[in-house]
Amino acid sequence: MGFKLRVLELVRLVPRGKVTTYKELARAVGKPLAWRAVARALAQNPHPVEIPCHRVVRSDGGVGGYSLGVGRKIRLLRAEGVVVERGRIDLGKLFFRFDVSSSVSGDNRSSRGPASGRRRLSPALS
DNA sequence: AAAATGACTGGTA
DNA sequence: TTACCAGCCATTT
C-alpha cells in the first residue's frame, strides 16, 4: 500500500465538525516530517467529497487549499459546523488528533502534548 | 538518475 | 500583525 493510500484512509477517520492538519496527518502515517507529501497526496484525492480531505487544514489555522477550490472547501466545512472566520479555524477547539496507538509500525514515541501548543488565532477580534 | 513541484511549517524580519 | 525564506518529502517531470 502506498503512502498516498494510507493518507486517504486516515482522512476518512476525521469526524464531521472537526478538522486535522497536514502535519498531524503526516505523523499519523508514521512520517512526521512528510507534511508536504501529505498535501500532495490529498491533492490527488480521487473522490473529493466522499473522502473528507476538506477537513485537513493548515497548522496555523489557515484553511489551506482544495482541488475543487478553497471556496468550496470552506462551504463544506461550515455545512458541517466548523466555524471559519477571516479564513481561519480555531484549532484549539476543532483540532482532531489521530489515535496513534492503533496504527503504524513501532516508532511512535511521545511527540506532543495534549491540545495545547498549536493555535495561532488572533486574539484581537473587534 | 537528477531536478522540479506543491492543498505545508516554523522561524525570523 | 503580515511577509518572506529555508527546509521537508513522496511524486512527477
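By convention in this document, chain letters (A, B, ...) are assigned in the order of the sequence lines, proteins followed by strands, and residues within each chain are numbered from 1.
For A/Glu24 and A/Arg27, the salt-bridge test passes: some basic side-chain N is under 4.0 Å from an acidic carboxylate O.
Taking each heavy atom of A/Val82 and A/Lys18 in turn, the nearest pair found is CG2-N, 4.2 Å.
One interatomic measurement links the two molecules: CG of A/Leu33 to C1' of B/dC8, which rounds to 12 Å at whole-angstrom precision. If you take CZ of A/Phe3 and P of C/dC9, they are 10 Å apart, rounded to a whole angstrom. Following rounding to the nearest Å, A/Leu91 (CG) and B/dC8 (P) show an atom-to-atom distance of 14 Å. C/dA10 atom C1' lies 13 Å from atom CG of A/Leu5, rounded to whole Å.
Residues passing the side chain to side chain donor-acceptor pair (under 3.5 Å) test with A/Arg12, sequence neighbours excluded: A/Glu9.
Applying the side chain to side chain donor-acceptor pair (under 3.5 Å) test to residues at least two apart or on different chains, the pairs with a partner in residues 43-55 of chain A are A/His54-A/Glu80, A/Arg55-A/Glu80.
Using a 4.5 Å heavy-atom threshold, the side chains of A/Tyr66 and A/Leu42 count as separate.
Between the side chain of A/Lys73 and the backbone N or O of A/Cys53, no donor-acceptor pair lies under 3.5 Å.
Look at A/Lys23 and you won't find any side-chain N or O under 4.0 angstrom from OP1 or OP2 of C/dC8.
When distances run from any side-chain atom of A/Arg88 to the nucleotides B/dT9, C/dA10, C/dT2, the shortest one goes to C/dT2.
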Polar atom pairs (N or O), protein with nucleotides 5-7 of chain B, under 3.5 Å:
residue : atom : partner : partner atom : Å
B/dT5   : O2   : A/Arg40 : NE           : 3.4
B/dT5   : O2   : A/Arg40 : NH2          : 3.3
B/dA7   : N6   : A/Leu42 : O            : 2.8
B/dA7   : N3   : A/Tyr22 : OH           : 3.1
B/dA7   : N3   : A/Gly65 : O            : 3.0

